[in-house]
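The sequence lines fix the lettering, A, B, ..., with proteins before strands; numbering per chain opens at 1.
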2 protein chains.
Amino acid sequence: MEKRAYKDAVYGQLADVTKALANPRRLEIVDLLAQGEFAVEDIARETGLSVANASQHLQVLKGVQLVSATRDGHYLRYRLANPDVYAAWQLLRTYGLTRQASIARVVQDFRTQRDVLETLTIDELLVKLDGEGVVLLDVRPTEEYRQGHLPRAVSMPLDELLDRLGELPRAGLIVAYCRGPFCVFADEAVQQLRQRGYPAVRLEEGFPDWQHRQLPVETV
Amino acid sequence: MEKRAYKDAVYGQLADVTKALANPRRLEIVDLLAQGEFAVEDIARETGLSVANASQHLQVLKGVQLVSATRDGHYLRYRLANPDVYAAWQLLRTYGLTRQASIARVVQDFRTQRDVLETLTIDELLVKLDGEGVVLLDVRPTEEYRQGHLPRAVSMPLDELLDRLGELPRAGLIVAYCRGPFCVFADEAVQQLRQRGYPAVRLEEGFPDWQHRQLPVETV
DNA sequence: CGTTTATTCAATAACTTTATTGAATAATTG
DNA sequence: CAATTATTCAATAAAGTTATTGAATAAACG
C-alpha cells in the first residue's frame with residue numbers, strides 16, 4: 001500500500017468517527033446516554049427529535065461503535081459503547097467551557113437569568129459532605145436516579161419539587177445535581193428553591209462525572 | 001432564553017468545534033502541528049494539499065481556536081493552540097487503534113508489508129534505556145529534531161539514512177522514532193535497516209507523546 | 001516606496017449531510 | 001400465529017462541505 005493511500009485510509013477512518021460526533025443532536029444524545037440506557041422513543045422525547053430522526057442519528061453513532069444496543073422486550077436499549085466515549089465527551093465539554101468564551105458565556109447568561117449565581121464543583125462538594133447539614137437533591141427523572149445516584153441523595157424530579165418542599169431543610173445547604181453542566185434541571189430547581197428562601201446551589205458537574213471519577217454510587 | 005434555544009446554542013457550538021476536527025486533512029494537519037511550528041507552505045507540502053486549500057483548512061481550525069499563528073518574516077507560523085488539542089487528538093487516535101478494528105488492521109497491514117513486526121512502546125523503551133546498547137534514532141526532518149527531540153537521540157532523516165549506516169552499531173538495538181503511530185518515517189527506516197541486517201525496531205508512539213508525558217526533552 | 005512573496009479570498013461545481021415523510025420490518029406478546 | 005408496536009428504511013429536498021481555480025491582499029525587505 002502506498003504512503004498516501006495509507007494516510008488517506010487512517011485519517012479518513014478517524015475522521016469518520018469524529019464526524020459521527022460532529023453534530024449538535026448527536027452530542028446531545030451522547031450527553032443523555034451518559035446517564036444510562038434509553039429506548040429510541042425516550043431519546044426522541046428527551047431531545048425533541050422525531051423517532052425516525054433519532055433512530056437515524058443512533059445508526060450513525062452505532063456505525064462507528066460509539067453506542068451499542070440490546071433488546072429488552074419491545075424496546076431497544078441504547079447506551080454508550082464504553083467509558084472512552086464519555087471521556088471524549090467530557091474532554092470536548094471542558095474544552096468548550098474553558099477555551100471557547102462564547103460557550104461559557106451562553107451558560108453564564110442562562111444561569112444569571114435564573115439567579116443561579118453560585119455553583120459547587122465535585123471537589124468542593126466532597127469537602128462539604130464531611131461536615132453536617134448538606135442535603136443532596138437528585139432532580140433527574142426517577143428512572144435515571146434508579147439506574148444510579150450519589151450516596152444519600154434524595155430523588156426529587158423537578159415536577160415534584162414544589163409539592164415536596166416540606167421534606168427540605170430551611171437551614172444548612174441544599175445541593176441540587178442533574179445530568180451535567182448543560183442540563184437545566186438543577187438550574188430550575190435552584191431557581192425555584194431560592195425564590196422560596198431555601199439555601200440551594202447547583203453542582204457544576206452531573207452524575208456521570210461523579211461515576212466516572214470512581215466515587216461511590218448507590219442504586220435503588 | 002428558552003431551554004431549547006439554550007441547548008441548541010451549547011450543543012451547536014460544541015459541534016462546531018468537533019466539525020473542525022471532523023475531516024481527514026485537518027486531522028492530518030493537527031497530527032503534523034503536534035511536532036511544532038510550520039508555515040502554510042510547509043503544511044501544504046507535508047500533506048500534499050495545495051497552498052490555498054491548506055490555508056482554508058487552517059482557517060477552519062483557527063476559527064474554533066484549535067490552532068494559532070504568528071508572523072515570522074515572510075511566513076506565518078501555525079501551531080496547536082494549547083496542549084488540550086493534542087490530548088484530544090491522542091484520545092481519538094487511541095480510540096481508533098483500540099476500538100476500531102478496521103483502523104488497527106490498516107496500520108498492521110502497512111507494517112507487515114514492510115516487515116515491521118515488532119514495536120516498542122514508550123514504557124518499554126524507558127526500561128531498556130536503563131541498560132546499555134540502545135541507540136535512539138530520530139528519523140524526522142532536521143527542523144523537527146531541532147525544535148525538540150528525545151535525550152541522546154541521533155538525528156538521521158530518512159533520506160540520509162543509507163549514507164550514514166557507518167554511524168550505527170550492528171549489535172545492540174536501534175530504536176527509530178518519528179512523529180507518531182501513523183507516521184511512516186520510522187517504518188521505512190526500520191525496513192531499510194533490517195534488510196541490511198541492523199537490529200532495528202520502531203517506537204509505537206512519537207515525539208509529541210514523549211513530550212506530552214513530561215519526559216525530558218532536548219533542543220539543539 | 002515599490003517589488004516580492006506568503007497567504008487569503010471569492011466563485012464554483014461536485015459531493016455529503018440533514019430533517020421530513022410515510023411505508024416497511026422484525027421481534028414480542030397475548 | 002396474528003396483532004401489536006418499536007424501530008428502521010427509502011426517497012427527497014434543502015443546506016452545508018470540499019477542492020479547485022485564479023485573483024487579491026498585506027506584510028517584509030532591499
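- In this structure, Asp72(A) and Ser50(A) both approach DNA chain C, and ranking their closest nucleotides by distance from the 5' end singles out Ser50(A).
- dT18(C) atom C1' lies 14 Å from atom CG of Asp8(B), rounded to whole Å.
- In this structure a side-chain-to-backbone donor-acceptor pair under 3.5 Å is missing from Asp72(B) to Tyr75(B).
- Taking the nucleotide of DNA chain C with the nearest heavy atom to each of Gly73(A) and Arg25(A), the more 5' of the two is matched to Arg25(A).
- Nearest to the side chain of Ala39(A), among dT4(C), dT7(D), dA19(D), sits dT7(D).
- For Tyr78(A), counting side-chain heavy atoms from C-beta on, the closest listed nucleotide (dT8(C), dT4(C), dT8(D)) is dT8(D).
- Here the CG-CH2 distance, from Leu33(A) to Trp89(A), works out to 11.5 Å after rounding to the nearest 0.5 Å.
- Among the nucleotides dA6(C), dT8(D), dA6(D), the one closest to any side-chain atom of His74(B) is dA6(C).
- Here dC9(C) presents its C1' atom at 15 Å from CG of Leu58(B), a figure rounded to the nearest Å.
- Remark: Ser55(B) is not in phosphate contact with dT7(C), judged by side-chain N or O atoms under 4.0 Å from OP1 or OP2.
- Using a 4.0 Å cut-off, no side-chain N or O of Asn53(B) falls inside it from OP1 or OP2 of dT18(D).
- When the nucleotides dT20(D), dA6(D), dA19(C) are ranked by their closest atom to the side chain of His57(A), dA19(C) comes out on top.
- Heavy-atom distances to DNA chain D give each of Val51(A) and Lys19(A) a nearest nucleotide, and the one nearer the 5′ end belongs to Val51(A).
- One atom, OH of Tyr75(B), and another, C1' of dT5(C), lie 9 Å apart when rounded to the nearest Å.
- Contact check for Ile29(A) versus Thr47(A): side-chain heavy atoms found under the 4.5 Å cut-off.
- As rounded to whole Å, 12 Å separates atom P of dT18(C) from atom CG of Leu21(A).
- A distance of 5.0 Å separates CG in Leu14(A) from CG in Leu92(B), rounded to the nearest 0.5 Å.
- Distance Leu49(B) CG to dT7(C) P: 14 Å, rounded to the nearest Å.
- Applying the 4.0 Å criterion to OP1 and OP2 of dT18(D), one finds that Asn23(B) has a side-chain N or O inside that range.
- Whole-Å rounding puts the Glu28(A) CD to dA19(C) P distance at 11 Å.
- Residue Arg77(B) is classed as having no contact, given no heavy-atom separation below 4.0 Å to the nucleic acid.
- Gln56(B) comes within 4.0 angstrom of a nucleotide base, judged by non-hydrogen atoms across all strands.
- With distances taken from any side-chain atom of Glu41(B) to the nucleotides dC9(D), dA6(C), dT8(C), the minimum falls on dA6(C).
- Taking the ring axis of Phe110(B) as reference, the NZ or CZ atom of Arg114(B) stays within 45° of it and closer than 6.0 Å to the ring centre.
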Given side-chain contact (heavy atoms from CB on, under 4.5 Å), test Arg111(A) with Val107(A) step by step and report yes or no.
CA-CA 6 Å; Arg111(A) 292 190 185 163; Val107(A) 173; 3.7 Å; yes
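- Close to dT18(D), at under 4.0 Å from its OP1 or OP2, lies a side-chain N or O of Arg26(B).
- Distance CD1 (Ile43(B)) to C1' (dT8(C)): 14 Å, rounded to an integer number of Å.
- Atom-to-atom, CZ of Arg71(B) to P of dT25(D) comes out at 16 Å; the value is rounded to the nearest Å.
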